[in-house]
Amino acid sequence: MNSDIDIPVEDLRLQLHLALDRIVVDDQPWPVVHADLRRRLREHRRRVLSAVAVVGAAAAVASVIVAVQPAARHSTSPVVPGTVPLRIVASAQFRGTTPPRIATGAGVVFAALWDSGTVVRLDPVTLQQTGSVRVGSAQNGPLSVAYGAGSLWVLNFHDGRLWRIDPSAMRPTMKIKLGAEPSQLAFGDNAVWVTVCCDTTHTANRQRLLRINPTSGAITGSIAMPGDGETVNVAVGPQVLLVSSQNAPVSVVDPQTLTVQRRLHAPCDFCDGAPGIAVGEGSFYVTSATSVLRYSDSTGKIIAESPPFAVGSTATPVVLAPDGLWLTSSDQLVRLAVTDLRVTDRVPLSAATEVALAEPSMYVSAPGRLVRLSREAPSTTATPTPTADGAGITAPTWAKELAGEVAIKCGNSFCLMRPDGTGERPLDATFPEWDPAWSPDGRRIAFRGYYGTGDGEYAIYLVNSDGCHVTRLPGTDGFATPTWSADGSRLAFAAGGGISVINASGRALHPVTTGIGNQLDSAPSWSATNRIAFVRAQRGDPRGEIYTMDPDGSHLAAITADSASYAQPAWSPDGSTLAMVVSANGNERIGAPLTIDVANADGSHRHPVTPRTWSSFDPTWTPDGRLVFLASKPAGTDAYLVNPNGSGLKRVYNGPAGQDGIEQITWGPPRLDAAHC
Amino acid sequence: LKVVEGEQHGDRARRDEHVAALYYRHRPELVRLAIGLVGDVGEAEEVVQDAFAGLLRRWSALRELEAAPAYLRTAVVNGARARWRRRALRERMIGFFRGPSETSEPDIAERSTVLTAIGRLPLRKRACVLLRYYADLSEAETAAVLGVSVGTVKSQTAKALAQLAGWLEAQQSGAKQ
């Protein structure tokens, strides 16, 4: 970049106005606009209420909500040296994408499922369902659950009442009218605590906290709470109650007299939710926009603040556990020391929302699923549920016969797993991650990872397959689709219209094809016979052709040459066969008809192996020479397996329910256990 | 207007009147700002609509009505930032044939050299340029909208201008050849 060149700012100003002011922005009548804004408010309310946790201080369970503003995301170290890392040992999958609300008690786990309108009881080890109760309809039912006084408590948005449920029979034993729209629920100090808002009789103080006798169901107290009623959190501690609301100070409430003893001002203007709160260790913990603050419970003064903390943009819950303060963010669990609030542990976990603790397990909800984490040794843990893994996909039992290891998109990261879905661990090295490529020995993965939040702010990264030792290859900003040489010593990738090669050590980056002029090269695949296949297109022409070349760019050979468009070449493990995506009419969009063809290395004997009406893409080979690919259909994108002669076509993975399906998949060699970080 | 202090929290009709007035006065400029940020009319309108919904939601936190436009600009920039994940997915879905860097040029940007160049800047630099030279905000106002220091605005803007100048000059010299 030549920084000596100046641009006349007045000229820029003029050009910007010329370009933007000519765009016609249509107005709509206010009633239409207002209805749309109200719809967005309702959607926001539903999303926040169904995503955040409320505190129950019973037994070892305590939780908190953390609300934070967007911040930069940093890569994580998955384990703390010298400790046994927390890892996923069981998981359950649910309909829809709303994270389940969770509560623990009576030796079991309860999950409130907004998307199906039910509350289910789960085995605490396997997370298999052992009972359920319907409390409403799909996306109009349980807002929140808590356990206390031998009962399960469910805040029901459907009828606006608090339900008391017998946890053994999973049947309601009482439905308590609340008189206003409910928002949050907690159990503690032998009472049920519910916040309500928007009661027309309380226009000046819209939001109220209700104390409910768990035996009689009577409302025994009520107090007005500041805040606009959008989101609210309640944390119950010994003889003290914290209530936080969006855009309002945190109230410290005496649970007996229902009087406000103190207000804590947290710097959280325009936070996207109520500040997170927790009580314990002689302290109140409150989240600000970018950190966690610790207040003395006797003076109300701030006595510690965590380092600036990069967490997600939505409300993020926290558990005050015996070993520290656990926060979830969109892609990791973080533990803070309760005294000085330094970070003491990080566990990669995609899209985590709520956390509940019941020693020795930690239960974490995420969109459409619930997982159990534990530090138990593998030999003593339950077998992970094979049909409901963290990637949200469903694997058939015969998948265990398949060789190799799979990298499959889960959320914004990749999940690595055996073909039958077991042994899964998330690869949370950057955020998000795309284009994984297994090294030939299966110990490392190269991928395209984002280092910033802007378009194109990504580079090529290397990481061990256990998630350790993330390194960014220098000079690879904006590069994509890495592929390994057969000996694992070098990588090639698409680099600004050309193909470049670099040593795996990060040295000797050099272009092989340059992308000069109208030529655009992309999607390289490096064969076991040391040939690189890639796509070559001309600027302005949507069609691509497949070429092969030696790694130094010599011996260029055209593999395809006709009116169709070709993409995503993928060499078979022995380098004798090349798979590729074909668009007969040149419409290269996923969703349009795309077949996967297989040909000899010189392009001869090319034939389709997938149905012509399907939209098939992302071909990848198993170690024993079978093809796996993705097929996009109206119901979602699933993964299929087929032999290179077109026989044996069958589905291998269903995409996660309620989502668009699997977004990317790459098969690799069998797993080799690497040493921990 | 002396707002919001003194108004009853429950006075929704009054709040809605204020928001309606703000909507018709500021929406066109905000949509165009958002187009500059996200490069797509549909996405820009969504970002702006979400910003107004957020204003309704957080009305009681506004100290004075004059603060509303600044809040809306901040919400638009934040909304644009929140869209980057979706953009990453779109790059993948549309662009797998050509690699991500060669695809998904925004629809508006295709018709404007300067917007194409702006669209190549990282979001913060893009926001600095648009807020300074399209929304005509001062450095201090831009810093407040972005939640960064004035020094950051200065340096980001200077770097952005240098990059823009380089790209635009290269494009012009290419066009002459």
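Note that the coordinates shown come from a computational prediction; the quantities given were computed from them, not determined experimentally. So that the names make sense, note that chain A is the first sequence line, chain B the second, and so on, each numbered from 1.
Aromatic ring orientation, A:His17 versus B:Tyr134: tilted (interplanar angle from 30° to 60°).
A distance of 4.0 Å separates CD1 of A:Ile23 from CD1 of B:Ile35, quoted to the nearest 0.5 Å. Note: A:Gln15 CD to B:Tyr133 OH = 13.5 Å, rounded to the nearest 0.5 Å.
At least one side-chain heavy atom of A:Val33 sits under 4.5 Å from a side-chain heavy atom of B:Gln49. Here the side chains of B:Ile118 and A:Leu16 are in contact, with some heavy-atom distance below 4.5 Å. In this structure, the side chains of B:Leu115 and A:Leu20 come closer than 4.5 Å at one or more pairs of heavy atoms.
Contact annotation for B:Arg132: only backbone heavy atoms (N, CA, C, O) come within less than 4.5 Å of a heavy atom of chain A.
The minimum heavy-atom distance between A:Trp30 and B:Tyr24, with the atom names listed, is N-OH, 2.8 Å.
Without hydrogens or angle criteria, B:Arg27 side chain to A:Asp26 main chain gives a donor-acceptor distance under 3.5 Å.
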Open item on the list: Apply side-chain contact (heavy atoms from CB on, under 4.5 Å) to residues A:Leu37 and B:Asp16 and explain how you reach the verdict.
Closed with: CA-CA 10 Å; A:Leu37 296 180; B:Asp16 291 352; over 6 Å; no
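Looking at residues two or more places apart in sequence or on another chain, you find a side chain to side chain donor-acceptor pair (under 3.5 Å) between B:Asp136 and A:Arg13.
The residue among A:Asp27, A:Asp21, A:Asp36 with the most heavy atom pairs within less than 4.5 Å of chain B is A:Asp21.
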